Amino acid sequence: MRITLTVNEAKRELEIEPGETLLELLRREGYKGVKKGCGSGDCGACAVLLDGRAVNSCLVLAAKADGRKVVTVEGLADDEGLHPVQQAFLEEGAIQCGYCTPGMVIAAVDLLTHNSSPSEAQIREGISGNLCRCTGYVKQIEAIKIAVERMGEGADD
Amino acid sequence: MIGAAVLRPDAIDKVRGEARFVDDLAFPGMLHAAVIRGTVPHAKICKLDLKSVSKHPRVICTLTANEIPGENVVHVIYDDQPALADEIVRYIGEPIALLAAEDRTSANQAVKLATINYEELPAVFDSLSALSPDAPTVAVPAATEKAPNLFNAMRIRKGDVAQGFAQADVIVEGEYHTGYQEHAYLETQGAIAVPELNGAMAIYGTMQCPFYVQAAVAKVLGLPLSKVRVIQTATGGAFGGKEDVPSLVACLAALLAWKARRSVKLVFDREEDILTTSKRHPSIVRYKSGAKADGTLTAIEVDFVYNAGAYQTLSPAVLWRGLMHAAGPYRIPHVKIDGRSVATNTVPCGAFRGFGSPQVIFAHESQMDRLAERLGIDRLEIRRRNALQIGDETATKQRLSESVGVLQTIEKAGRLAHWEERLRKVEAFNAASRDRRRGLGISSVMYGVGLGGKAPFLDKAGAYMKLEADGSIGIAVGTVEMGQGLTTALTQIASEALSVPFDRIHLAPVDSSRVPDSGPTVASRGTMMSGLAILDAAAKLKERIRTVAKDLHIPKNEIPSRLKEIAQAFFMRNLDPAVEGWAQGAPVDWDEETGLGNAYFVYAYATHIAQVEVDLTTGEASVEDFVAVHDSGRIVNHQLASGQVEGGIAQGLGFALMEDIPQEDGRLMTTGFTTYRIPTIRDIAADTKVAFVEALYSAGPFGAKGLGEVPLMASHTAVSRAVAHALGAAVNTYPLSPERVKGSVA
């Protein structure tokens, strides 16, 4: 089966296998930033934006992405640099082994796109589907708060 | 540069999704491996039929034990674990045969085509049953002790405990149980074996110990060590789980690559990883403590048993560290400790952050609280009164001569937590609340940095350093970055030592062919040992740089700013710009018979205080507030160090409250993160304070000791003791699940 989708703003026409998940398709196509942590939708490492909302790509059949827009972690930075969430993760020490980072960043971007001033409780809720075994989450909360501030400043300009 | 805030050089790739982990890599012609595993806990293999597997159109080859070109062992400590079971399987999930296919889906399908017939043997699953005289024998002949299923027995005898207990005004006894803890690194185990020229084999993989992998692969393939090259890929968490297991994973991939003469990738899925790889040893710890009326400890008597699983792997070392840490950071004149690790028909247990110490820490800290309660002494105060200080003797009669910060950690943690005021507030809350109760817990620990007196030959490390023609510095070391921040800390150490800017230094991922065997990246030794090797290399390189600078009439103070000019002179004059550094741990010794000696060259310390709230109706305990104070000597990078502490707190919280793998007749009953629950962002405290007291260690790099494991060791007992305080009831078994908490209330 052939599907057409947009990945990181590039239009792609791709042949997919029956039963193939979006995670498998994206990784097969070289988007290796999308990580497999469990394959059962429990860890969030494979999160991507599908039409602007974070989904666990291991639970989405590739066929369901036909005609839709996908953004992976590779698509967040632009010519001007990292996304504010990525930059804040970097500066606040929110990255250790880095395996959960792509999914966590995607979840945070989803959160901030739909809520420009989340409370700490909403931040926790927003990335509660992303497991991290290294950091204890403290610095990720801080990083997201800082990204919120900076994105707010940007919006005022 | 030491203590400075710098951005970790590996984080930029990770945050952009560009870091390459093992499953992100591919080699030309690469095949995909799958493992055919045993499905019964103990049996004779009567028939192994792989004909249907071989007929699968995408399968390239299969491999069984009798085809192994070298020795059929996974070399760790004692060579008792086969790479592939031959005749007997000893645990569910043990590898029996291998296959390689053109793609991963076919490989996984083909596994199901194998036919194995078993003649089942009697099996045993828990350590106490395994020790009974009529238990079926699990252990293979390499077992070191005479009793059936007893892998190892070790002991400490100091003073005379009968006399110590006679001097005590109060004696408390307790029995403590902990179960499996799974590492749950987000990246599962994996390796790629790549045949190289002249019969050599390269291994790419996620790991902590490249030199363990090198030795294991050489042995199983019958190759000289020089023909096995190990390259560590970006490693998605490890926590001890990638200490010994990657040796097995690499051996299996290498065997197939050898047979197929093609590259072979083997990556475990989550279920396979949870069911078949090492865990924290389930434990039973019996503990008797005596103290005088003023709280002074007089004696302890400890007897503990760890369920090691079907093969020894790292159990002797895990047991030894448990033994060395069973007394805690306290002065105790009379000590008797016995530890045993026992063979059962279960998955082999191995290294996990803390390495045999968290189980005994749960016991020693619970005992301290119970003594305090009996004596009417504050729990922080009884720790303060017994805390080791410079000049004191440890449980193994080691005289501590420097860098003992435990007392400062207790006092600082007390201040940061406002201990007494908070105790009053907790009591006031509990007096006013019917179905919610709060509790405070405190836990102090000590940690022997490095591998210690049982394996002093492992405490070495090398560093290769070269001055490039543009004045930048390239460094290779033998200990790995696995998320903890070692690359950053070592670059800072090199930057400080060489007076070269941080971003002009590049530390390459580990390649075993570039540096001598530098021991494993375990035991919180990376910063110290590779840091010392870098300091040694830097001293040698600086001397050469000075000589050339002098020749160029460059004054000493201008060397850093004119390093490019000097490097150019090295290049133009054909001078040797590369050096090697080497480090050895300070001497340690340990006597097998008495268990006494200078067990480790230095110790790190910590005190944690946790506040929890327990919902008595649901049994759910939640951590509200956390204070962690550590003495790890000089802190090279505060952001990384606090990240280690915060991560260790979460992992300890999971150990104490939620992480559990039920086992039924040798079968583990959790297969993924749906049932094996680890802490999420919702489980961590609203407020976490991390602080350091820096009791410098004169032989460490700029006074640094070790940190990585200590946070988990301290945190779980701060949490469990807080639950005990909230409930006003004994808490003797992990995890403190809602069901168990409700049981204690009832």
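Below, chains carry the letters A, B, ... as their sequence lines are ordered, and counting in each starts from 1. Keep in mind it's a predicted model, so treat the numbers as computed, not measured.
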Check: B:Tyr185 ring centre within less than 6.0 Å of A:Tyr99 ring centre: no
Would you mind telling me which of [options] has the largest number of heavy-atom pairs within less than 4.5 Å of chain B?
options: A:Gly37, A:Ala94, A:Gly30; result: A:Gly37
options: A:Ile141, A:Val138, A:Thr101; result: A:Val138
options: A:Lys32, A:Met104, A:Glu74; result: A:Lys32
options: A:Gly33, A:Gly136, A:Cys97; result: A:Cys97
options: A:Glu125, A:Arg133, A:Gln96, A:Glu92; result: A:Arg133
options: A:Arg124, A:Gln87, A:Gln86; result: A:Arg124

Checking heavy atoms, do the side chain of [X], its backbone, both or neither come under 4.5 Å from chain A?
X: B:Gln639; value: both
X: B:Thr235; value: backbone
X: B:Leu7; value: side chain
X: B:Asp273; value: neither
X: B:Ala234; value: neither
X: B:Gln644; value: both

Would you check if there is a donor-acceptor pair between the side chains of B:Glu613 and B:Ser622 at a distance under 3.5 Å?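 Checked: B:Ser622/B:Glu613 side chains show no N/O donor-acceptor pair below 3.5 Å.
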Please check if the number of heavy atoms outside A:Glu13 that lie under 6.0 Å from its CD is greater than 12. yes
Give the member of B:Ala5, B:Ala184, B:Pro711 that has the highest number of heavy-atom pairs under 4.5 Å with chain A. B:Ala184
Can you tell me which of B:Ala650, B:Ser642, B:Gly648, B:Gly672 forms the most heavy-atom pairs within a distance under 4.5 Å of chain A? B:Ser642
Judged by atom type as modelled, is there a donor-acceptor pair below 3.5 Å linking the side chain of [X] to the main-chain atoms of [Y]?
X: A:Arg27; Y: B:Asp23; value: yes
X: B:Asp13; Y: B:Ala19; value: no
X: A:Asp78; Y: A:Gly81; value: yes
X: A:Lys69; Y: A:Thr6; value: no

Do NZ/NE/NH1/NH2 and the carboxylate oxygens of A:Lys36 and A:Glu24 come within less than 4.0 Å?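 No, no charged N to carboxylate O under 4.0 Å.
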Using non-hydrogen atoms and a 4.5 Å limit, figure out which bit of [X] sits close to chain B: side chain, backbone, both or neither.
X: A:Ser128; result: both
X: A:Val105; result: side chain
X: A:Leu82; result: side chain

Got a second to check how far A:Tyr31's OH is from A:Leu25's CG, nearest 0.5 Å?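 Between atom OH of A:Tyr31 and atom CG of A:Leu25 there are 9.0 Å.
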Using 0.5 Å steps for rounding, measure from the CG atom of B:Leu653 to the CE atom of B:Met658.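 Going from the CG atom of B:Leu653 to the CE atom of B:Met658 covers 5.5 Å.
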Quick one, A:Leu49 with A:Val70, criterion side chain to side chain contact (heavy atoms under 4.5 Å, CB included). Give me CA distance, side-chain angles, the key distance, then yes/no. CA-CA 6 Å; A:Leu49 297 174; A:Val70 174; over 6 Å; no
